[in-house]
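Just so we're clear, the structure is a prediction, and the values are computed from it rather than from any experiment.
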2 protein chains.
Amino acid sequence: MSRKTFQRLSLDVRRRSLMEATLTCVARHGLHGASVRRITEEAGVTVGLVRHYFGSKDDMIRNAYAYLVGQLTAQASESARAAEGTPEAQLASFLRANMTRPNMDEETVSLWATFIGRVRHDPGFAEIHRDGYREFLSVLETLIEPVLIHHGCPYSVAICRNHAIALNGLIDGLWMEGAINSGLYAQDILPDLITGAAERLLELPAGALSVPDIALQSTGHPTHREQQSKPS
Amino acid sequence: MSRKTFQRLSLDVRRRSLMEATLTCVARHGLHGASVRRITEEAGVTVGLVRHYFGSKDDMIRNAYAYLVGQLTAQASESARAAEGTPEAQLASFLRANMTRPNMDEETVSLWATFIGRVRHDPGFAEIHRDGYREFLSVLETLIEPVLIHHGCPYSVAICRNHAIALNGLIDGLWMEGAINSGLYAQDILPDLITGAAERLLELPAGALSVPDIALQSTGHPTHREQQSKPS
DNA sequence: CACACTGTTATACAATTGATTAATTTTAAT
DNA sequence: ATTAAAATTAATCAATTGTATAACAGTGTG
């Protein structure tokens, strides 16, 4: 009967491995089914390590949530930065990125929702959520501002912020319902749908955010844009 | 040591009492903290009744989720029906109702999010969610249609449906982020914010959905509408 | 009033939970 | 090679979990 062989990993690597295993288990079995044993088995280690790297299971889960939110906001900022070209193209690319993989992913949404449910009663979760939300709003404002100015729309910090709040609501709602997708509509209508909706929300001329020939390869659907998204 | 005295309640009453206790516990402690013992204590009964009224704890929770979704959609339909007057006033009233109590309630949102997190991996939950979502979309389409027609907007079933999807996303997102409210803005800017956003989303003339003097008492804020929506 | 029915309580049970501790093994420094 | 530090395992703990079962008690029926 020999002991399990193991590797000593650096603090960062091991911590991240445990947090990712935590997220995997929470997504798969819910918060209630994500036991320390399942998580550590998923990470390929034994239970004792939880205490060693995090004080407790709850602490590990909080850290995993922060890790998830960090990934999400980083991904969002990334999508925004990656898009080049006009401010319109950047905003459009950001919106479309949130309606396609990998950003719009059912497992991620499940995770996100599960944690959101704990925000109300756990101050630690609340802080993590608030920071992520603030960051997302900030990114949106940065993207919206030059578009409004460029089109000579009525502009002020307050207007821009209100637009960001509304647009964030739209993104969140479509992101969630779209990812969970109940089969009531095809998911691939969403990129065009949100583009049109954003144009109207910001009172831009129709088509202001639609793809200008090139420039949107990064969304994954470069070639076919067409009929289905035309509400008018 | 005497036994606990008790009342024999009708099947419906007892079942509902157990489901409500379940929702209370899930909201307060999360799915993982909502044990059979806590739930039955909350309901004022002993653990054995779970097996008697529901086959298992999981079955009870599924039923509680369906009960919650039923309440939510009923509340939404109610808000829609309660509003009288022009189609614009009805839609406006519906939107505002979703941005104010009792519809916009942090505990309800927490519950909703917690359950959404299980939709992906539990077919029972998925079906319940889909039915609720379909109902909500249907209500929205019914409200949107006459408004579009009345304003001579471009109209078709497909257009109306796309508008409903977008508007539903907007409502869901704002409802959730607003209820959780992280203190990044005042919650009471939301009724006016969503009204304006909906006007632009549907390409209605500015002010088409703003309160026409009376007609909106049912939202709970009849008298003061104005100044506070300026975040700056 | 006695009866049967069943809603309800009380208790027991095996399984799982998160936490703790001591014994080991890896790793790096000497 | 030796040694010391610490990362990791393995085993144990009391507490809690969901379920099952038998005893009890309230309710309406004859």
Side-chain angles (χ1 to χ4, degrees), chain A residues 1-26 28-65 114 118 121-122 124-125, chain B residues 1-26 28-65 114 118 121-122 124-125:
Chain A
M1 212 55 167
S2 65
R3 247 174 188 240
K4 177 183 179 185
T5 64
F6 60 91
Q7 261 192 327
R8 299 175 71 137
L9 295 185
S10 80
L11 187 139
D12 283 347
V13 173
R14 187 63 87 192
R15 275 178 66 94
R16 185 163 25 196
S17 141
L18 277 169
M19 290 189 293
E20 281 168 358
T22 302
L23 295 182
T24 299
C25 287
V26 171
R28 211 178 331 216
H29 309 105
L31 262 181
H32 62 293
S35 67
V36 172
R37 284 171 175 78
R38 259 210 270 257
I39 293 171
T40 51
E41 183 188 22
E42 172 76 24
V45 297
T46 51
V47 293
L49 277 199
V50 169
R51 178 174 157 81
H52 191 258
Y53 282 100
F54 307 89
S56 65
K57 179 202 178 187
D58 282 347
D59 193 46
M60 181 169 70
I61 289 187
R62 255 187 298 273
N63 276 277
Y65 177 44
T114 299
R118 295 313 302 149
H121 292 283
D122 187 317
F125 279 42
Chain B
M1 213 56 171
S2 67
R3 252 176 183 240
K4 177 183 178 185
T5 64
F6 61 91
Q7 261 192 331
R8 297 174 74 133
L9 294 186
S10 79
L11 187 140
D12 283 347
V13 173
R14 188 64 87 191
R15 273 178 68 94
R16 185 164 26 196
S17 143
L18 276 169
M19 291 189 292
E20 280 168 358
T22 301
L23 295 181
T24 300
C25 287
V26 172
R28 209 177 326 208
H29 309 105
L31 261 182
H32 61 293
S35 67
V36 170
R37 284 168 175 78
R38 259 210 270 256
I39 292 171
T40 51
E41 183 189 23
E42 172 75 24
V45 298
T46 52
V47 291
L49 277 199
V50 169
R51 177 173 158 82
H52 192 259
Y53 281 101
F54 308 88
S56 65
K57 180 200 176 187
D58 283 346
D59 193 47
M60 181 170 69
I61 289 186
R62 255 187 297 273
N63 276 277
Y65 177 44
T114 299
R118 295 313 302 147
H121 292 284
D122 187 318
F125 279 42

How many Å lie between [atom1] on [X] and [atom2] on [N], as a whole number?
| X | N | atom1 | atom2 | value |
| --- | --- | --- | --- | --- |
| A:Phe54 | C:dT20 | CZ | P | 16 Å |
| B:Glu41 | D:dT16 | CD | P | 12 Å |
| A:His32 | D:dG18 | NE2 | C1' | 12 Å |
| A:Asp58 | C:dT17 | CG | P | 15 Å |
| A:Arg15 | D:dT8 | CZ | P | 13 Å |
| A:His29 | C:dT16 | NE2 | C1' | 14 Å |
| A:Ile39 | C:dA19 | CD1 | P | 11 Å |
| A:Leu31 | D:dT17 | CG | P | 15 Å |

> DNA chain C: A:Gly33 or A:Gly48, which has the more 5' nearest nucleotide?
Replying inline: A:Gly33

> With side chains defined as the heavy atoms from C-beta onward, is the minimum distance between B:Leu31 and B:Ile61 less than 4.5 Å?
Replying inline: yes

Which value, rounded to the nearest 0.5 Å, describes the distance between [X] atom [atom1] and [Y] atom [atom2]?
| X | Y | atom1 | atom2 | result |
| --- | --- | --- | --- | --- |
| B:Tyr65 | B:Leu23 | OH | CG | 11.0 Å |
| A:His29 | A:Ile39 | NE2 | CD1 | 10.5 Å |
| B:Ser56 | B:Arg62 | OG | CZ | 6.5 Å |

Is any side-chain N or O of [X] closer than 4.0 Å to OP1 or OP2 of [N]?
| X | N | value |
| --- | --- | --- |
| A:Arg38 | C:dT16 | no |
| B:Arg51 | D:dT19 | no |
| B:Ser35 | D:dT16 | no |

> So does B:Arg37 reach the base of D:dG18 with its side chain, donor to acceptor, closer than 3.5 Å?
Replying inline: yes

Checking contacts here: which listed nucleotide ([options]) is nearest the side-chain heavy atoms of [X]?
| X | options | value |
| --- | --- | --- |
| B:Thr46 | D:dT19, C:dT9, D:dT9 | C:dT9 |
| A:Lys57 | C:dT9, D:dT9, C:dA19 | C:dA19 |
| B:Leu49 | C:dT17, D:dT19, C:dT9 | C:dT9 |
| A:Val45 | D:dT9, D:dA20, C:dT20 | D:dT9 |
| B:His52 | D:dT8, D:dG18, C:dT6 | C:dT6 |

>> Considering every strand and a 4.0 Å limit on heavy-atom distances, what is the contact class for A:Tyr53: base, sugar-phosphate, or nothing?
In response: sugar-phosphate

>> Looking at A:Val13, is its backbone amide N or carbonyl O close enough to the side chain of A:Ser17 to form a donor-acceptor pair, meaning the two atoms are under 3.5 Å apart?
In response: no

